[in-house]
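The block underneath contains the structure these notes are about, expressed in structure tokens.
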Amino acid sequence: MNSPIVDKQITDEACQWQIMHGVAIKNADGTARHCPYSLAPMTMKRHVFDHLMNVTPLLTKLISQVSEDHAFLQSSLRSMANADPFFGRLLKMHAQIHGTEHAPIMAERKPLLLMRTDYMDDRQQGAKVIEFNGIAAGMGPFGQRANELHDYMRRQWPDTYNAWVESPTAVPADNACLDQLAHGIAIAAQEIRAHFGGEGQRTFLMVVQKNEDNVYDQHLLEVALQQRGVRTVRRTFDQLATQLSTGENQRLILKDIGAIDVVYLRAGYQYSDYFAPELCEEECCETLSQTRVFIEQHHVAVNATVGQQLATSKTMQMLLTMMTARDLTRWALSEEEALRVKSVLADMLPVSAQTLEWFKSDADKHAWVLKNQGEGGGHCVFGDDIANKLASLKPEDYDAWALMQRLYPHERERPTIAVRNGEQTLVDDLVSEIGLFTAYFNGAPVTEYNGYAGYLVRSKPARENEGGIHSGKGILDSITLIE
């Protein structure tokens, strides 16, 4: 075993602080392990952070409007849905909920958009969007806890903290992500409850995956809601298939619980969440996907709606990126706001026969990333592997993929200690991905910061492609600001 870089008692106590404060991942045997973390925070120029805080609510405003433009979603995503079976099902579900362009249906659900917009600060072009996360946009509670962990390190071991922080004079960026998300959900629950007369306890339903290992991040949010007087319950789609019913005036009712005010999906972004082999279905995943349709046919706040999931797809990101600023004004943006939105959208290209030919002959292979529609880690292709993947695609698969400008963020100016499974590693090329959360309900912001609701930072060695906490080499981090 390598010798510790700093006193191991310090990192051991920091790991224990994490477990005590719920910053943990559940193991298969029911025990827990701390989340990997950086010993000290990253540094960011204040004007860059302020720019992201100002532009992110505009992106949320745009996505909120697009997600409710049902005819546009159906027409613009049809080719992608034909190429991607899962999104084909989502588009079919969307049509069940909202009808078609010629026969629209007024859906009962009220959209609650809790979105995380992920950025990297490119060395040449500045901060650019990596992706929009509209469904199961998690780890906001961990983002706030990472900020609190670094504050604990600074107060408890100032010499060690100052030895590893990039700039000892930098100021921590406040992060109340857990509190702001809980506030937004509680506001939505209150409005739904008031619609039905305001009696009884507000109730929040979290839809989760079977054998979920990211339970602590979820439970932190639940505890914050409970402290605001909101009752919380957890169910899988499998359970909900037999436990939901319709009450008076399209009230959503959960068996043994009663009326539901908010449905929050931490599942539903992949086919396996709807797979129920014990039902012996003729058509795979039909029953549980219909459960999601059933939810949206009721007067309840929903995050994420099927429309929100479609509006935050990689293909929609590409389509919005390829539009002019004037094009974007159709969704309630001024031209000045649309120009600010355009400034953070990285170049994207559709995959076609012409793209394949260009990529094979002229493209810089390391200037692009190839992405499909998948959520989470493991869905991107980099460098020389892109040409091989493109060559393996059939023409009918092209519309499920998109090329995106690869971002090369600033590496941290001094080495950092990453702590994973209690062990220290010196990282000399750490780069960061910054996710800003926003909260909108029924088309309007529900936090005092124009919808901004805190941030999550995940850092990784620059040489690593996958930066997820679960699926990659990512570590939790936080931000300090310099002028």
Side-chain angles (χ1 to χ4, degrees), residues 64 67-68 97-98 105-115 135-137 140-141 176-208 215 218-268 290-308 437-449 451 453:
S64 176
S67 69
E68 294 296 299
I97 297 164
H98 300 285
I105 299 170
M106 182 63 71
E108 289 283 343
R109 91 292 182 274
K110 299 299 178 184
L112 173 61
L113 181 56
L114 304 175
M115 188 166 84
I135 182 169
C177 194
L178 169 57
D179 299 327
Q180 290 295 317
L181 291 175
H183 172 78
I185 292 168
I187 291 292
Q190 181 63 37
E191 292 199 21
I192 296 296
R193 182 68 50 164
H195 176 82
F196 290 99
E199 296 182 2
Q201 187 178 20
R202 293 170 293 172
T203 304
F204 166 87
L205 167 63
M206 184 183 291
V207 185
V208 298
V215 292
Q218 297 172 1
H219 284 314
L220 286 171
L221 181 59
E222 290 177 275
V223 170
L225 287 168
Q226 292 159 13
Q227 291 170 343
R228 287 165 172 77
V230 179
R231 183 182 185 185
T232 67
V233 292
R234 302 166 62 87
R235 297 289 187 274
T236 63
F237 275 121
D238 193 28
Q239 292 172 309
L240 293 176
T242 59
Q243 294 180 11
L244 291 177
S245 62
T246 302
E248 189 175 352
N249 297 322
Q250 289 303 109
R251 195 73 157 112
L252 184 66
I253 306 297
L254 178 61
K255 182 180 179 181
D256 298 329
I257 298 296
I260 298 298
D261 300 299
V262 177
V263 178
Y264 171 72
L265 300 182
R266 289 295 290 263
Q290 288 306 299
T291 299
R292 187 170 176 190
V293 171
F294 183 81
I295 290 169
E296 292 206 34
Q297 292 169 336
H298 291 77
H299 193 95
V300 62
V302 178
N303 169 261
T305 66
V306 174
Q308 289 167 353
F437 284 86
T438 39
Y440 263 54
F441 177 59
N442 215 16
V446 286
T447 72
E448 60 183 301
Y449 309 107

Query raised in the report: Is there side-chain contact between Phe437 and Leu114, with heavy atoms separated by less than 4.5 Å?
Result: no

Requested in this report: Using modelled atom types only, decide if a donor and an acceptor are shared between the side chain of Glu108 and the backbone of Gln250 within a distance under 3.5 Å.
Outcome: no

Report task. Write down the atom of Gln201, the atom of Arg193, and the distance for their closest heavy-atom approach. Result -> O-NH2, 2.8 Å

Requested in this report: Identify the two heavy atoms, one from Val208 and one from Ala267, that lie closest to each other, and give their separation to 0.1 Å.
Outcome: C-CB, 3.8 Å

Query raised in the report: At what distance, to the nearest 0.5 angstrom, does OG1 of Thr246 lie from CD of Gln297?
Result: 8.0 Å

Requested in this report: Check step by step if side chain to side chain contact (heavy atoms under 4.5 Å, CB included) holds for Leu221 and Leu181.
Outcome: CA-CA 8 Å; Leu221 181 59; Leu181 291 175; 4.3 Å; yes

**Report entry** Main-chain N/O of Ala188 paired with Glu191 side-chain donor or acceptor, under 3.5 Å
**Finding:** no

Requested in this report: Could you label the plane-to-plane angle of the His299 and His195 rings as parallel, tilted or perpendicular, counting under 30° as parallel and over 60° as perpendicular?
Outcome: parallel

Query raised in the report: When rounded to the nearest 0.5 angstrom, what distance separates CD1 in Ile105 from CD1 in Ile97?
Result: 9.5 Å

Query raised in the report: Closest approach of Gly184 and Val446, non-hydrogen atoms and distance?
Result: CA-CG2, 3.8 Å

Query raised in the report: What are the two closest non-hydrogen atoms of Ala224 and Ala182, and how far apart are they?
Result: CB-CB, 3.7 Å

Query raised in the report: Is there a side-chain contact between Arg231 and Ile257, using heavy atoms and a 4.5 Å cut-off?
Result: yes

Query raised in the report: Tell me, do Leu244 and Ile295 make a side-chain contact under 4.5 Å, heavy atoms counted?
Result: yes

**Report entry** Side-chain touch Leu240/Leu254, heavy atoms, less than 4.5 angstrom
**Finding:** yes

Query raised in the report: Checking side chain to side chain contact (heavy atoms under 4.5 Å, CB included) for the pair Leu265/Phe237: CA distance, chi angles, key distance, verdict?
Result: CA-CA 10 Å; Leu265 300 182; Phe237 275 121; 4.0 Å; yes

Query raised in the report: Could you state the interatomic distance from CZ (Phe441) to OG (Ser64), rounded to the nearest 0.5 Å?
Result: 11.0 Å

Report task. Determine whether more than 12 heavy atoms belonging to other residues, nucleotides or ligands lie under 6.0 Å from atom OH of Tyr449. Result -> no

Query raised in the report: Would a distance-only check, ignoring hydrogens and angles, find a side-chain to backbone donor-acceptor pair under 3.5 Å from Gln308 to Ile135?
Result: no

Query raised in the report: Checking side-chain contact (heavy atoms from CB on, under 4.5 Å) against Leu252, which of Val300, Thr203, Ile192, Val262 comes through?
Result: Val300

Query raised in the report: Do Leu205 and Arg235 come close enough that some side-chain heavy atom pair is under 4.5 Å?
Result: yes

Query raised in the report: If you measure only the distance, is there a donor-acceptor pair under 3.5 Å linking the side chains of Glu222 and His219?
Result: yes

Query - Gln190 and Ile187: CA distance, side-chain angles, deciding distance, side chain to side chain contact (heavy atoms under 4.5 Å, CB included) verdict - result: CA-CA 5 Å; Gln190 181 63 37; Ile187 291 292; 5.7 Å; no

Query raised in the report: So do Asp179 and His183 actually touch side chain to side chain, heavy atoms under 4.5 Å?
Result: no

Query - Basic-acidic side-chain contact under 4.0 Å: Arg202, Asp261 - result: no

Requested in this report: Starting at CZ of Arg228, measure out to CG of Leu225 and round the result to the nearest 0.5 Å.
Outcome: 7.0 Å

Query raised in the report: Do Val302 and Pro111 have side chains that get closer than 4.5 Å, going by heavy atoms?
Result: no

Query - Pairwise distance CG(Asn303) to CZ(Arg266) - rounded to 0.5 angstrom - result: 10.0 Å

Query raised in the report: Shortest non-hydrogen contact from Ala304 to Arg292?
Result: O-NH2, 3.2 Å

Report task. Please tell me if the side chains of Arg234 and Gln218 come closer than 4.5 Å, counting only heavy atoms from C-beta onward. Result -> yes

